[in-house]
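Please read the structure below before turning to the comments.
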There are 2 protein chains.
Amino acid sequence: MDKRTHIINTALTAFYQKGIHAVGINEILKESGVAKKTLYNHFVSKDELICACLEARDKRFNHWLNDRLKNCDTPFEIASALFGSLSIWIDNKAIELGDFNGCFFINTAAEFPHSDHPIAILCSAHKKAVLQLLFDKLSQTTQFKSKSEKAKQLAQLLMTLKEGMICQARVMHSSNQLLQDPLLLRQLVQSYIPKPLQDADFSVS
Amino acid sequence: MDKRTHIINTALTAFYQKGIHAVGINEILKESGVAKKTLYNHFVSKDELICACLEARDKRFNHWLNDRLKNCDTPFEIASALFGSLSIWIDNKAIELGDFNGCFFINTAAEFPHSDHPIAILCSAHKKAVLQLLFDKLSQTTQFKSKSEKAKQLAQLLMTLKEGMICQARVMHSSNQLLQDPLLLRQLVQSYIPKPLQDADFSVS
DNA sequence: CCAAAAGTAGACCGACTTGTCTACACGCAA
DNA sequence: TTGCGTGTAGACAAGTCGGTCTACTTTTGG
């Protein structure tokens, strides 16, 4: 494997599991079996390595989520697939994402409070990308075609619930099973869908 | 002021604004104008100081939230007051809580991934206390009297939304204005209230 | 085939970390 | 007065941090 990629993968795993400040360069070197000079040949500093890890994680997570939502055609299906996927991740059944330890971007942002720091900017960008993904998915449904305002609002709500679910699972070690309840989910989604289309959504899903 | 309290207040502000690992003992000493021996006379280690800060923050936050919810008599009022209060906090208008920098407990938990670490346990305990506070409040309403199962579920949902709202505000620098919308909020709350009581809730709030 | 590039191993630097310890000052109570 | 508790000021220990550098080896491409 590419040395650079190997270093990123090793560093990402360590950073995600233990936190950025808790993992030193030397630990990454030992774990990856790479010389210090090699690392600093690929990355000018630890910060740059962190940024590369964030980009790699962003790519991996978005790909995973996009894949999980690819067969969803209604808002309800999207919401259901979203929370189902999160639950799978939390239960350590999403091997692509590694052992669950909360959201890497929320965790990392907590360690870099300055909002104009490159690392904080990448964390923010990831969240915006996920929100955009949800919005795009919802916009493609027949229920939300040319109702982008409503799609935007539901995407925002799903996003907030997603973040909350991940944080709760990380801190309290208990996920919100409620969001797996089809009845509640249907009611949540329903409130955003224009009246004439609600039945259509019901019959399909 | 009590030396010990003074140290805790100084440390708490620094830890909350910059993150735990980013703040050294010496910085706290300089800021508080206290000698190193004095600090180590009150706290055996940095970890113990961190724990004292978490306890102080837990007390302060719970008191603040409890105060903000004290005049709420219906589930809708509780939800409305909750998200309104969070919005005030995020907009830096809750002086008791200091400059908003996300949830101190989520941030801190991100820096201490081992779930059996005393610090992580305190973070988890805080979240459980807040959830309990919401549950108690909801249980006291006429709509949820002796419907503790439903109250539990709504408390759980509100908690998830709260965590999500705080995380989004922290990472994306944009709060979810949606949760301030009375219409949406009413629909959210409504789905948990047993049918015969819904109108009662509506007429009161 | 040979030079350039990219790798390894690890000593080393200065700055920083938590935590200990000495030396000294002040206030209070017996 | 004496002695104790609590405070200050800061040197110091022992270790870690990110990052640089030397010396040497391996890989690779023209």
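Please read these numbers as outputs of a predicted model, since none were measured by experiment. Each chain gets a letter, A, B and so on, in the order the sequences are listed, and its residues count up from 1.
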Between [atom2] of [N] and [atom1] of [X], the distance in whole Å:
X	N	atom1	atom2	answer
H6(B)	dT8(D)	NE2	C1'	14 Å
L29(A)	dC17(D)	CG	P	11 Å
H21(B)	dT16(D)	NE2	P	15 Å
D2(B)	dG7(D)	CG	C1'	13 Å
L39(B)	dG7(D)	CG	C1'	13 Å
K30(B)	dG10(D)	NZ	P	12 Å

Polar side chain donor-acceptor pair, [X] to [Y], under 3.5 angstrom:
X	Y	answer
Q180(A)	S87(A)	yes
E31(B)	T10(B)	no
K3(B)	N41(B)	no
D136(B)	Q132(B)	yes
T74(B)	Q143(B)	no

Exercise for the section: Classify the nucleic acid contact of H42(B) as base, sugar-phosphate or nothing, counting any heavy atom under 4.0 Å across all strands shown. Expected result: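 If one applies the 4.0 Å heavy-atom cut-off, H42(B) turns out to touch the sugar-phosphate alone, with no base involved.
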
Exercise for the section: Kindly compute the distance separating CG (L54(A)) from CZ (F105(A)), expressed to the nearest 0.5 Å. Expected result: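 Interatomic distance, L54(A) CG to F105(A) CZ, rounded to 0.5 Å: 5.5 Å.
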
Problem - For D67(B), all residues meeting salt bridge (Lys or Arg N to Asp or Glu O under 4.0 Å), sequence neighbours excluded - result: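 D67(B) satisfies salt bridge (Lys or Arg N to Asp or Glu O under 4.0 Å) with K70(B) only.
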
Problem - Check: H114(A) side chain, D116(A) main-chain N or O, donor-acceptor pair, under 3.5 Å - result: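 Looks like no, no N/O pair under 3.5 Å.
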
Practice task
Compare side-chain N and O positions of T38(B) against OP1 and OP2 of dG7(D) and report whether any pair is under 4.0 Å apart.
Solution key: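 The answer is no; no side-chain N or O of T38(B) sits under 4.0 Å from OP1 or OP2.
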
Exercise for the section: For V23(B) and for A35(A), find the nucleotide of DNA chain C with the closest heavy atom, then tell me which residue's nucleotide is more 5'. Expected result: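 The 5'-side residue here is A35(A).
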
Handout entry: Span of DNA chain C in contact with chain B (heavy atoms, under 4.0 Å)
Key =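 Footprint of chain B along DNA chain C, 5' to 3': dT18(C) to dT22(C).
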
Problem - CD (E27(A)) with more than 12 external heavy atoms under 6.0 Å - result: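 Counting other residues, nucleotides and ligands, CD of E27(A) exceeds 12 neighbours.
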
Exercise for the section: Mark up nucleotides 19-25 of chain D, 5' to 3', with B wherever a protein heavy atom is under 4.0 angstrom from a base atom, S wherever such an atom reaches only the sugar-phosphate, and - elsewhere. Expected result: BBBB---

